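Being a predicted model, the structure only gives us computed values, none of them experimental.
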Amino acid sequence: MVENGTIVTDFVLMGFQLQAELQMSLFFVFLIFYLLTIGGNLGMILLIQNDLHLQTPMYFFLSHLSFLDICYSSVILPQLLKTLGTDKTIITYECCATQFFFFTLYASTECFLLAVMAYDRYVAVCNPLLYATAMTPQTRLGLVAGAYAGGMVNSVIRTGYTFSLSFCKSNHIDFFFCDLPPLLKLACSDTKPQELVIYLFGFLVITTSISVILTSYLFIIRAILRIRTAGGKAKTFSTCASHMTAVALFFGTLIFMYLKGNMGRSLRKDKIVSVFYTVVIPMLNPMVYSFRNKEVKEALKKALNRMKVSQIQ
C-alpha cells in the first residue's frame with residue numbers, strides 16, 4: 001500500500017461523479033429507497049413475529065432474509081448518501097476492509113439462505129406429510145446457522161485475499177463503496193493468484209446455491225405437473241412464485257458482477273448493476289413477498305385493522 005514512498009492509509013470514494021443538481025436528486029431518491037427498505041423489511045419481521053399464522057418454517061426463513069436485506073443495504077447506503085452529499089468521501093483503509101467484509105458476509109449468507117428457502121419449498125410441496133417432522137425448530141436453526149457460517153467463511157477468505165494486495169496505483173476508488181472490481185483496478189502487484197482464489201470462492205458460493213435451488217425446483221415442478229386440477233397447480237405454484245422472483249433478481253445481478261472476471265469490464269455499468277442489488281432489490285423483496293403472498297396480505301390486513309381499532313379506543 002505504497003504510493004510514491006508514502007503509506008496509503010485511506011481511500012477516496014468517487015461515487016457517481018455527476019452534476020451537483022443531479023447528485024442531490026439522487027441523494028433524496030436513495031434516501032427514500034433506504035427508508036422504504038428499512039421500513040418494509042422491519043415491518044415484515046414484526047409481522048411474522050406477531051401473527052400466529054406466519055409461525056411456519058417458510059416465514060422463519062423469510063424473516064432472516066429481511067434481516068439480511070436490512071444489514072447489507074445498511075452497510076452500503078449510508079456511505080452512498082454521504083458520498084452523494086459531499087461529492088466524494090474519504091474512507092480509511094480499515095473502514096474500507098470492514099465494509100467489504102460485512103457486505104460480502106451478508107450477500108454470501110443471502111445466497112445460502114435463498115437455497116435453504118428453496119429446499120424448504122421442496123419439502124413442503126414434495127413431502128407435505130413429512131414437512132412438520134422434517135422442518136423442526138432445531139432443523140430450521142441449523143439450516144440458518146449453516147447459511148451464516150458459509151457466508152462467514154467466504155467473507156473471511158475473500159476479504160483476506162483482497163486486502164493482501166498492494167494498492168499503489170492510486171487511492172481513488174471509482175465507485176460508491178469498497179467493492180471488488182474497483183479495488184482490483186488499484187492494485188499495483190500481480191492480482192492473478194488472489195483473483196483466482198477470490199473468484200473461485202465466489203463461483204462456489206453462487207453455483208452451490210443455484211444447484212440446490214434448481215434441483216429443488218425441478219422436483220417441485222415434477223410434483224406440480226402430477227396435480228390433476230388446474231386450481232391445485234396454481235395454488236401450489238403460488239407458494240413458490242415469490243421466492244423464484246427473489247432468486248432471479250438477486251442471482252442475476254451477482255453473476256453479472258462477480259463471475260465475469262475483471263478484464264474488459266466497465267465500472268459505469270458495474271455501478272448501475274450494484275445500485276440495483278444493493279439498493280433496489282432489498283427494497284423490492286418485502287413488496288414481492290407481500291403482493292404475491294396471500295397469507296402475508298391477510299396478516300397485514302389484520303395488523304392494520306388492529307391498529308385502527310386501537311386508535312378508535
Side-chain angles (χ1 to χ4, degrees), residues 1 3 8-43 66-108 110 155 158-159 162-163 167 169-187 249-250 252-254 256-258 262 265-288:
M1 297 176 296
E3 185 178 30
V8 178
T9 58
D10 52 41
F11 293 102
V12 180
L13 295 174
M14 302 304 294
F16 296 101
Q17 303 177 60
L18 303 171
Q19 295 179 352
E21 296 81 5
L22 185 55
Q23 293 239 135
M24 287 308 298
S25 298
L26 284 177
F27 174 89
F28 288 108
V29 169
F30 288 141
L31 178 61
I32 292 171
F33 282 0
Y34 185 48
L35 294 175
L36 289 173
T37 298
I38 298 298
N41 285 288
L42 186 59
S66 294
F67 171 74
L68 289 171
D69 282 341
I70 290 173
C71 289
Y72 90 77
S73 62
S74 295
V75 171
I76 304 301
L77 265 167
Q79 185 73 65
L80 171 57
L81 293 172
K82 183 179 179 181
T83 304
L84 287 171
T86 59
D87 189 42
K88 58 184 179 181
T89 299
I90 296 175
I91 183 172
T92 65
Y93 179 88
E94 291 77 13
C95 287
C96 184
T98 301
Q99 185 184 57
F100 184 93
F101 171 81
F102 280 106
F103 174 73
T104 306
L105 169 64
Y106 297 133
S108 303
E110 183 151 336
S155 183
R158 285 170 66 91
T159 304
T162 299
F163 286 88
F167 302 107
K169 288 183 179 179
S170 171
N171 69 336
H172 286 64
I173 299 177
D174 186 14
F175 220 63
F176 57 90
F177 71 99
C178 292
D179 200 13
L180 181 62
L183 283 170
L184 291 176
K185 290 184 178 293
L186 301 184
L249 290 172
F250 189 72
T253 52
L254 284 186
F256 179 87
M257 279 295 295
Y258 299 112
N262 195 40
R265 61 190 299 157
S266 167
L267 282 180
R268 178 167 293 187
K269 290 182 180 179
D270 286 351
K271 288 179 186 178
I272 296 172
V273 176
S274 294
V275 165
F276 188 72
Y277 78 83
T278 59
V279 179
V280 178
I281 290 179
M283 179 188 67
L284 288 179
N285 276 342
M287 300 180 187
V288 168

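You'll find the side chain of F102 reaches within 4.5 Å of the side chain of T98, heavy atoms only.
There is no side-chain donor-acceptor pair under 3.5 Å between T104 and S155.
Crowding of F27 atom CZ: a count of heavy atoms from other residues, nucleotides or ligands under 6.0 Å exceeding 12. For CZ of F67, the number of neighbouring non-hydrogen atoms (other residues, nucleotides, ligands) closer than 6.0 Å is 12 at most.
Atoms CG and NZ, from L13 and K82 in turn, are 9.5 Å apart once rounded to the nearest 0.5 Å. Here the straight-line distance linking atom CG of D10 with atom CD1 of I173 works out to 10.0 Å at 0.5 Å rounding. Atom CD1 of I76 sits about 10.5 Å away from atom OG1 of T83, to the nearest 0.5 Å. Here the straight-line distance linking atom CG of L68 with atom OG of S108 works out to 10.5 Å at 0.5 Å rounding. One distance of note links CZ of F16 with CG of L22; it measures 10.0 Å at 0.5 Å rounding. Interatomic distance, CG of D174 versus CG of L183, reported as 11.5 Å (0.5 Å rounding).
In this view, C71 satisfies the disulfide bond (SG atoms under 2.5 Å apart) rule with no residue, not counting sequence neighbours. Applying the side-chain contact (heavy atoms from CB on, under 4.5 Å) test to L35 and every residue at least two apart in sequence or in another chain returns L31.
F163 and Y93 have their aromatic ring centers within a separation under 6.0 angstrom.
Residues R158 and L180 approach most closely at NH2-CD2, 3.6 Å, considering heavy atoms. Pairing each heavy atom of S74 with each of I38, the nearest pair is OG-CD1, 3.8 Å. Closest heavy-atom contact between Q23 and Q17: OE1-N, 3.5 Å. Between L249 and L284, the shortest heavy-atom distance links the atoms CD1-CD1, 4.5 Å. A pairwise comparison of heavy atoms in S274 and D179 identifies OG-OD2, 4.1 Å as the closest pair. In plain terms, the two heavy atoms of S73 and T37 that are nearest each other are OG-CG2, 3.5 Å.
Formation of a donor-acceptor pair under 3.5 Å by the Q99 side chain with backbone atoms of V75 is found in this model. Although no hydrogens or angles enter the test, the distance criterion places a donor-acceptor pair under 3.5 Å between the side chain of N41 and the main chain of P282.
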Would F176 and V275 count as a side-chain contact (heavy atoms from CB on, under 4.5 Å) if you check the C-alpha gap in whole Å, the side-chain angles of each, and the deciding distance to 0.1 Å?
-> CA-CA 9 Å; F176 57 90; V275 165; 3.9 Å; yes
With side-chain contact (heavy atoms from CB on, under 4.5 Å) as the test, would you mind laying out the steps for M283 and L77 before giving the verdict?
-> CA-CA 12 Å; M283 179 188 67; L77 265 167; over 6 Å; no
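Each of F167, F175, F177 was scored for a ring pair (Phe, Tyr, Trp, His ring centres under 6.0 Å) with F11, with one residue passing: F167. Considering T253, T278, L254 as possible partners of V273, the one that fulfils the side chain to side chain contact (heavy atoms under 4.5 Å, CB included) test is T253.
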